[in-house]
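Down below is the structure, laid out as structure tokens.
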Amino acid sequence: MMAIGYQLQHLLSSAFPFTMFRREKRQDLRSASHAGSWYTDDGEELATEISGWLTQVQGVHPPYPIAGCKAVIAPHAGYSYSGAAAAWAYKSIDTTGIKRVFILGPSHHLYVDGCALSRCKEYATPVGNLPLDLETINELRDTGKFEDLDIEADEAEHSLEMHLPYVRTIFKGMDISIIPIMVGAISKQSEVVYGQLLAPHLAREDTFCVVSSDFCHWGSRFSYTYYYPEPKPSSEPALHLSRAIAPLSSHPIHESISRLDHEAMDILTIPSSSASEVHAEFARYLSRTKNTICGRHPIGVLLGVLATLEENKEVHPTIQWVRYEQSSACVTIRDSSVSYACAWIRF
């Protein structure tokens with residue numbers, strides 16, 4: 001009888017409904033899959049690091065937080081590289097009245113022909129979990145324009161996760177929810193379409209948006225060696241460095257990268273022109289330089305949002321860049337670096 005009872009218990013424990021239950025619970029919570037590698041998995045240590053980086057942001061004008069700030073652009077590399085830089089964006093945020101935060105990030109591992117939504121109910125971080133705004137996510141899903149991420153693809157992507165500890169810290173003690181959206185390698189026209197879909201949501205006073213993007217990934221390991229032989233305002237055409245073509249000693253590679261990135265940042269500074277004109281100029285810049293700005297499509301979606309709201313005469317947007325860094329100063333073709341730029345946006 002005992003043997004029969006054990007066999008029955010074993011059979012029940014491995015039964016299909018129970019397996020499904022466990023799978024559903026696994027699907028509900030996205031783990032902090034990059035904690036312990038891209039950033040510390042020790043909650044106290046992480047809280048201290050983020051607090052320290054925020055404290056170091058000083059001497060800015062206008063003073064932080066930025067009144068009316070509705071969005072930021074910030075990097076998503078490992079915190080040892082870009083954690084301090086990201087603080088310049090996050091300290092811009094005026095948290096007053098915010099109840100939900102959209103996070104738009106690029107896809108590094110999964111091909112997405114459009115944008116994709118999480119099927120989780122909660123995202124874990126070492127400094128506290130973040131619930132997802134299921135009502136808003138279901139509204140977006142009902143448009144038929146979004147794909148769904150499975151848990152493996154969700155946890156493999158770092159561009160969204162690297163912002164979660166900062167979001168949880170900045171909105172500490174506040175009852176907020178998040179809407180993470182993975183943005184695929186979409187066309188400019190698709191960026192406009194998704195911008196139109198998101199515009200009514202982001203126009204709400206209680207809603208904020210984080211746009212996740214690193215800037216230039218330079219070096220042979222990124223298959224990108226674009227180089228300006230002279231500083232601005234020279235019109236000397238750019239080259240692609242190789243073992244046979246070396247940089248000029250008078251203009252180091254890292255200075256060329258800075259010029260390249262600042263071209264994009266200057267284009268993306270508003271109110272220099274309308275959001276739709278900025279979007280078109282940014283697309284032309286990317287076509288010409290092929291700059292490896294990994295969050296170019298999330299930035300394009302944000303520009304689509306701003307253009308939609310501007311066209312409806314609801315906003316006069318502002319984009320202001322507040323920080324620029326490179327992970328290392330490239331000097332030779334053997335070197336590589338990733339750039340980090342931070343901005344705040346009012347609309």
Side-chain angles (χ1 to χ4, degrees), residues 22 25-58 64-65 72-93 95 98 100-109 118-133 149-180 182 208 210-214 294-295 322-323 325-328 337-342:
R22 287 189 300 174
K25 300 303 286 185
R26 160 86 172 113
Q27 182 70 50
D28 287 349
L29 177 67
R30 182 198 186 279
S31 69
S33 53
H34 291 74
S37 53
W38 289 59
Y39 59 100
T40 179
D41 56 2
D42 184 304
E44 291 186 8
E45 182 181 344
L46 182 57
T48 299
E49 283 183 348
I50 293 175
S51 176
W53 291 326
L54 290 167
T55 300
Q56 292 170 13
V57 179
Q58 297 178 349
Y64 281 176
V72 293
I73 299 172
H76 55 239
Y79 278 9
S80 62
Y81 294 101
S82 70
W88 288 78
Y90 277 95
K91 198 159 182 177
S92 305
I93 300 174
T95 62
I98 300 299
R100 66 188 56 79
V101 179
F102 279 74
I103 307 175
L104 310 182
S107 175
H108 290 87
H109 306 287
S118 176
R119 292 191 292 189
C120 295
K121 295 180 180 178
E122 192 173 21
Y123 275 15
T125 91
V127 292
N129 292 3
L130 287 161
L132 273 64
D133 182 347
L149 291 173
D150 62 35
I151 188 67
E152 289 77 16
D154 205 338
E155 291 183 340
E157 180 55 57
H158 66 273
S159 72
L160 301 170
E161 179 179 339
M162 298 309 294
H163 291 279
L164 303 179
Y166 257 113
V167 170
R168 184 67 281 172
T169 298
I170 290 295
F171 294 94
K172 184 176 181 179
M174 296 180 62
D175 183 19
I176 65 161
S177 56
I178 61 171
I179 302 96
M182 186 183 291
F208 194 83
V210 172
V211 176
S212 176
S213 181
D214 295 337
C294 59
V322 293
R323 190 68 173 178
E325 299 180 9
Q326 294 174 14
S327 63
S328 61
S337 74
V338 179
S339 305
Y340 313 119
C342 295

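Only a predicted model underlies this, so the values are computations on that prediction, with no experimental measurement involved.
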Steps toward side-chain contact (heavy atoms from CB on, under 4.5 Å) verdict (Ile103, Leu164): CA-CA 9 Å; Ile103 307 175; Leu164 303 179; 3.7 Å; yes
Side chain Lys121, main chain Asp28, donor-acceptor under 3.5 Å: no
Glu122 side-chain N/O to Asn129 backbone N/O, donor-acceptor pair under 3.5 Å: no
Side-chain donor/acceptor of Ser107 to backbone N/O of Met182, under 3.5 Å: no
Donor-acceptor under 3.5 Å (Arg323 side chain, Ala86 main chain): no
Close side-chain approach of Leu149 to Arg119, heavy-atom, < 4.5 Å: no
Centroid-centroid under 6.0 Å between His108 and His76 rings: yes
Crowding at OH, Tyr81 (>12 non-hydrogen neighbours, <6.0 Å): no
Check: Pro131 main-chain N/O paired with Ser177 side-chain donor or acceptor under 3.5 Å: no
Ser212 backbone acceptor or donor facing Ser159 side chain under 3.5 Å: no
Residue that, paired with Trp53, satisfies ring-ring contact (aromatic ring centres under 6.0 Å, His included) out of Trp88, Tyr90, Tyr79: Tyr79
Rounded distance [0.5 Å steps], OG1 in Thr125 versus CZ in Arg168: 7.5 Å
Donor-acceptor contact below 3.5 Å, side chain Arg30 vs main chain Ile151: no
Residue of the set Glu155, Glu161, His158 for which side-chain hydrogen bond (donor to acceptor under 3.5 Å, both in side chains) holds with Ser33: Glu161
Among Thr169, Ile170, Thr55, side chain to side chain contact (heavy atoms under 4.5 Å, CB included) partner for Ile50: Thr169
